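Since we're looking at a predicted model, the values are computed, not measured. Index from 1, following the sequence.
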Amino acid sequence: MASALGAQVAAVVPIGPDGRHYRSCSSLKGNNSCNKSWTGKLAWGNKTLQPRYTKKVFCMSVQQASKSKGKVGIKPLELENTKEPPLNLYKPKGPYTASIVSVERIVGPKAPGETCHIVIDHGGNVPYWEGQSYGVIPPGENPKKPGSPNTVRLYSIASTRYGDSFDGRTASLCVRRAVYYDPETGKEDPSKKGICSNFLCDSKPGDKIQITGPSGKIMLLPEDDPNTTHIMIGTGTGVAPFRGYLRRMFMEDVPSFKFGGLAWLFLGVANTDSLLYDEEFTNYLQQYPENFRYDKALSREQNNKSGGKMYVQDKIEEYSDEIFKLLDGGAHIYFCGLKGMMPGIQDTLKRVAEQRGESWDQKLSQLKKNKQWHVEVY
């Protein structure tokens, strides 16, 4: 993303069939990045932060970000100073009331289902690190406990700690609308639709949202060695934390983290229209070909070597020798997506290990001991 794109460019981009709009701008001359001057200090302990600018400006739709070159300046750099990640600043009994900034449909018309990129304004009061999750409490009563609020749903955060506006005030979620179709009639049954995913995908700018967290340490990006290899395997919306990693590595100008290693993303979805943040990732591939690799498994468009559908485990097997050598050299490997992805992946890794004359159980135990193995499935 360029730090010299020139003067501010504002755009209103229509999204989705319902005519919702995403209000965005890209004011990236120098290190401005739509930020104003920052005042006060971070205070995670008492959950208070001083206001940082007098006028809110939100920057960069997904499409705009994917077309930019170079790196973007970020603020406040105090977000780099903490040694430990923020954890559970807000709990279910005392959630934080944030606001919806935008809802952007990010899949094409031939994608099975709808996936939205949702930007939330937390005002800088619910800071997080890459790889963490927010909890969302949808409005309404818990159907299993009348009179009680709905239970918390966890969503991996799909942005860096600076958010899509590069100012530390927003967080982004990648949410697939959960719907249920009656197997006998083939018709959608609204009574069984996902409460939280539909609430989020139907939200409008300015709507209030109750959030908890941040939570999670398993998927934090290790940054002690900026030349480390990171192998990321995601299915569908499981790409969320990896988008955060990659923006931190390749989009943002972070003084304390200059990535010089290899980031290798395997993304599994149904078809080309289902690809999430594809232009953004392709842009990194063009700008940083020595540091980024990107492999897609499109189950409805590609075949594996046996002629069956192509899944992420087939891609892993295709590059298994290289992946195992990288793991032996200290690479970190991450998995995020539906829990149903893991058995097939584990079977593939076990088979490859045996073909190499290795014990997968021993290798897995060593990877976990070395903290190279990161799994978040749902």
Side-chain angles (χ1 to χ4, degrees), residues 106-107 111-115 130-133 153-158 173-180 194 196-197 215-216 218-221 229-246 263-278 281 293-320 322-324 326-327 331-354 360-361 363-365 367-368 372-378:
I106 55 171
V107 291
E114 180 180 27
T115 301
E130 298 74 24
Q132 290 192 299
S133 300
R153 273 72 164 181
L154 288 178
Y155 292 92
S156 298
I157 298 172
L173 304 181
C174 181
V175 179
R176 178 168 176 170
R177 186 190 293 273
V179 294
Y180 175 82
C196 198
S197 65
S215 62
I218 295 296
M219 296 291 285
L220 293 178
L221 182 67
T229 293
H230 302 275
I231 303 168
M232 298 160 277
I233 299 161
T235 57
T237 58
V239 75
F242 307 142
R243 179 184 185 253
Y245 298 169
L246 295 171
W264 192 353
L265 174 63
F266 292 87
L267 177 57
V269 294
N271 56 22
T272 300
D273 270 22
S274 302
L275 286 168
L276 305 173
Y277 311 111
D278 183 61
F281 301 150
R293 295 176 66 172
Y294 179 30
D295 283 275
K296 311 166 194 177
L298 308 178
S299 61
R300 299 188 186 181
E301 294 181 3
Q302 298 173 328
N303 294 326
N304 59 27
K305 64 180 182 181
S306 302
K309 292 182 177 182
M310 177 72 80
Y311 295 109
V312 284
Q313 58 263 35
D314 299 310
K315 282 292 181 181
I316 292 170
E317 185 170 15
E318 184 178 334
Y319 294 101
S320 57
E322 195 171 356
I323 289 173
F324 271 64
L326 290 170
L327 291 173
H332 288 262
I333 189 164
Y334 310 80
F335 304 88
C336 190
L338 294 174
K339 59 184 177 181
M341 70 185 273
M342 290 309 295
I345 290 173
Q346 290 269 31
D347 290 344
T348 296
L349 292 171
K350 183 176 182 179
R351 183 173 64 254
V352 170
E354 290 173 350
W360 173 243
D361 289 340
K363 193 172 192 70
L364 178 58
S365 177
L367 290 171
K368 290 180 177 178
Q372 295 171 252
W373 183 264
H374 312 262
V375 179
E376 184 173 84
V377 292
Y378 41 85

With no hydrogens and no angle check, do the side chains of Tyr378 and Ser133 hold a donor and an acceptor under 3.5 Å apart?
no
Min side-chain heavy-atom separation Asn271-Pro112 under 4.5 Å
yes
Nearest atoms (heavy-atom pairs only) where Ala331 meets Gln372:
O-NE2, 2.7 Å
Determine yes or no for a side-chain-to-main-chain donor-acceptor pair under 3.5 angstrom, with Ser365 supplying the side chain and Asp361 the backbone.
no
Mind telling me whether His230 and His332 have parallel, tilted or perpendicular rings, with 30° and 60° as the class edges?
parallel
Any chance CD1 of Ile218 has more than 12 other-residue heavy atoms, nucleotides or ligands included, within less than 6.0 Å?
no
Just do the side-chain contact (heavy atoms from CB on, under 4.5 Å) check on Thr229 and Trp264 with the steps written out, would you?
CA-CA 8 Å; Thr229 293; Trp264 192 353; 5.7 Å; no
Could you report the tightest heavy-atom contact between Gln313 and Gly344, atom names first, then the distance?
CB-O, 3.8 Å
Should the heavy atoms of other residues, nucleotides or ligands under 6.0 Å from NZ of Lys350 be counted, would the total exceed 12?
no
If I take atom OG1 from residue Thr348 and atom CG from residue Asp314, how far apart are they, to the nearest 0.5 angstrom?
6.5 Å
Search all heavy atoms of Leu327 against all heavy atoms of Ile231 and return the closest pair with its distance.
CD2-CD1, 4.5 Å
Treating Arg243 as the side-chain partner and Ala158 as the backbone partner, does any N or O pair qualify as donor plus acceptor under 3.5 Å?
yes
Assess whether side-chain contact (heavy atoms from CB on, under 4.5 Å) is satisfied between Tyr311 and Glu317, documenting all intermediate values.
CA-CA 10 Å; Tyr311 295 109; Glu317 185 170 15; over 6 Å; no
Provide the closest heavy-atom pair for Val175 versus Thr237 in the form atom of the first, atom of the second, distance.
C-CG2, 4.2 Å
Minimum heavy-atom distance Val377-Lys339, with the two atoms named
CB-CA, 3.5 Å
Could you tell me whether Glu301 and Lys296 have a side-chain N and a carboxylate O separated by less than 4.0 Å?
no
Could you grab the distance from atom CG of Asp295 to atom CD1 of Ile233, nearest 0.5 Å is fine?
10.5 Å
Mind checking whether Leu298 and Thr272 have side chains closer than 4.5 Å, heavy atoms only?
yes
Gap separating the CH2 atom of Trp360 from the CG atom of Leu349, nearest 0.5 angstrom
4.0 Å
Expected output: side-chain Asn304 to main-chain Met310 donor-acceptor under 3.5 Å:
no
Salt bridge or not for Arg351 and Glu354, using N-O below 4.0 Å?
no
Mind checking the NZ-CH2 spacing from Lys368 to Trp373? Nearest 0.5 Å is all I need.
7.5 Å
Check whether any side-chain heavy atom of Phe281 sits under 4.5 Å from a side-chain heavy atom of Leu246, and report yes or no.
yes
Provide the closest heavy-atom pair for Leu276 versus Cys174 in the form atom of the first, atom of the second, distance.
CD1-SG, 3.9 Å
Kindly indicate whether the side chain of Ser156, heavy atoms from C-beta on, has any atom under 4.5 Å from the side chain of Met219.
no
Mind running side-chain contact (heavy atoms from CB on, under 4.5 Å) on Ser197 and Tyr155 for me, showing each step along the way?
CA-CA 10 Å; Ser197 65; Tyr155 292 92; 4.1 Å; yes
Roughly how far, to the nearest 0.5 Å, is the CG atom of Leu265 from the CZ atom of Arg293?
12.0 Å
Which value, rounded to the nearest 0.5 Å, describes the distance between His374 atom NE2 and Leu367 atom CG?
9.5 Å
Chi angles and distances behind the side-chain contact (heavy atoms from CB on, under 4.5 Å) call for Val312, Phe335
CA-CA 11 Å; Val312 284; Phe335 304 88; over 6 Å; no
